[in-house]
Amino acid sequence: MKIASFNINGIKARLPRLKEWLSETRPSVACLQEIKTQDEGFPASEFEEIGYHAAWHGQKSFNGVAILTDGEAPQDVSKGLPGDQEDEQARFIECTYRGVRVVNLYLPNGNPHPGPKFDYKLAWMERLRARMQELLASEQPAVVVGDFNVIPHDRDVWSVCAMANDALMQPESRDAYFRLLGDGWTDAIDTLNPRGGVWTFWDYQAGAWQRDHGFRIDHLLLSPETADRLAAAGVDKEYRGREKASDHAPVWVELRS
DNA sequence: ATGCCAACATACTGTTGA
């Protein structure tokens, strides 16, 4: 089973590229972030045409997440991160697919740092930790994937200096990420690339793609039950170089059945 | 110190992103 995550930066603007990627790489589950559309605008029929079912949690203009599943519908869909009734932002959706609990998230960016957006990011990460601890306690096979907006290590960024003041690599952001891992989750791409140098995002600006000025913020976290099944993980880097590309590349993990 | 680029909503400019 191949589970992928792709921050597509607008599902309407990206639809041809997205369908192309789905057809060419055929993930069992595709977790999408930044669909940037309300629920009514989600193009579900476009995915049905190529054999994917969908569950989505939309929002006007910003945020928005969706899960596409190959061949069968996502089960027991849950929308929104628990822990704050006031939080209206569409950044979290879960489902079950062939016995695996799949969590798809778009973690707050947190810039500028410091400030209320950074505070929101850290509070969101603590709520996420609570939900992930519940998943561990359930002992159900689980994966938590998405755009975490955290650069975990210095080896995950082209220039530590250039990004030093960014919310993505503040010590508080990293500490919160490592608290998640410390509870028992495995970062699939890091585990298979311990020397780093793997990027999932390249800015549209300043020729970042052409200069390979990227960093790794899209992550695939595996529970102990799914970590035992880890066969491979990677980045579909080539898609970042195509016409009308997202600024993120897709990431994926292959689990043995 | 700021814009660079891109998408979206609104309305021809502003907000957000990372």
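Here is how names work: the chains are called A, B, and so on, in the same order as the sequence lines, proteins then strands, and each is numbered from 1.
Taking only side-chain atoms of A:Arg91, from C-beta outward, the nucleotide of B:dA7, B:dG17, B:dA9 with the closest atom is B:dG17. Distances from the side chain of A:Ala13 to the nucleotides B:dC8, B:dC4, B:dA18 place B:dC8 closest. Candidate nucleotides B:dC5, B:dA18, B:dT15 were compared by shortest atom distance to the side chain of A:Phe62, and B:dT15 ranks first. Listed nucleotides: B:dA18, B:dA6, B:dC4. Nearest to the side chain of A:Asn149: B:dA18. Residue A:Asn7 has its side chain nearest to B:dA18 when only B:dA18, B:dA9, B:dG17 are considered. Distances were taken from every side-chain heavy atom of A:Asp147 (C-beta onward) to each of B:dC4, B:dA6, B:dA18; the shortest belongs to B:dA18.
Toward the 5' end of DNA chain B, the nearer of the two residues A:Phe201 and A:Lys12, judged by each one's closest nucleotide, is A:Lys12.
Between B:dT15 and B:dT10, the two C1' atoms lie 11 Å apart (nearest whole Å). Rounded to a whole angstrom, the distance from the C1' atom of B:dA9 to that of B:dC4 is 22 Å.
Remark: A:Lys117 is in phosphate contact with B:dG17, judged by side-chain N or O atoms under 4.0 Å from OP1 or OP2. Regarding contacts with the backbone of B:dG17, every side-chain N or O of A:Asn109 stays at 4.0 angstrom or more from both OP1 and OP2. Checking the phosphate oxygens (OP1, OP2) of B:dA9, no side-chain nitrogen or oxygen of A:Lys36 falls inside 4.0 Å.
Residue A:Trp209 holds its CH2 atom at 6.5 Å from CZ of A:Arg240, rounded to the nearest 0.5 Å.
Counting any heavy atom pair closer than 4.0 Å across all strands shown, A:Lys244 reaches sugar-phosphate atoms only and no base atom. The residue A:Tyr106 sits close only to the backbone: its heavy atoms come under 4.0 Å of sugar-phosphate atoms, none of a base. Within 4.0 Å of A:Asn63, counting heavy atoms only, lies no atom of the nucleic acid at all.
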query: Could you walk me through whether A:Tyr106 and A:Phe62 pass the ring-ring contact (aromatic ring centres under 6.0 Å, His included) check?
result: CA-CA 11 Å; A:Tyr106 173 47; A:Phe62 307 115; over 10 Å; no

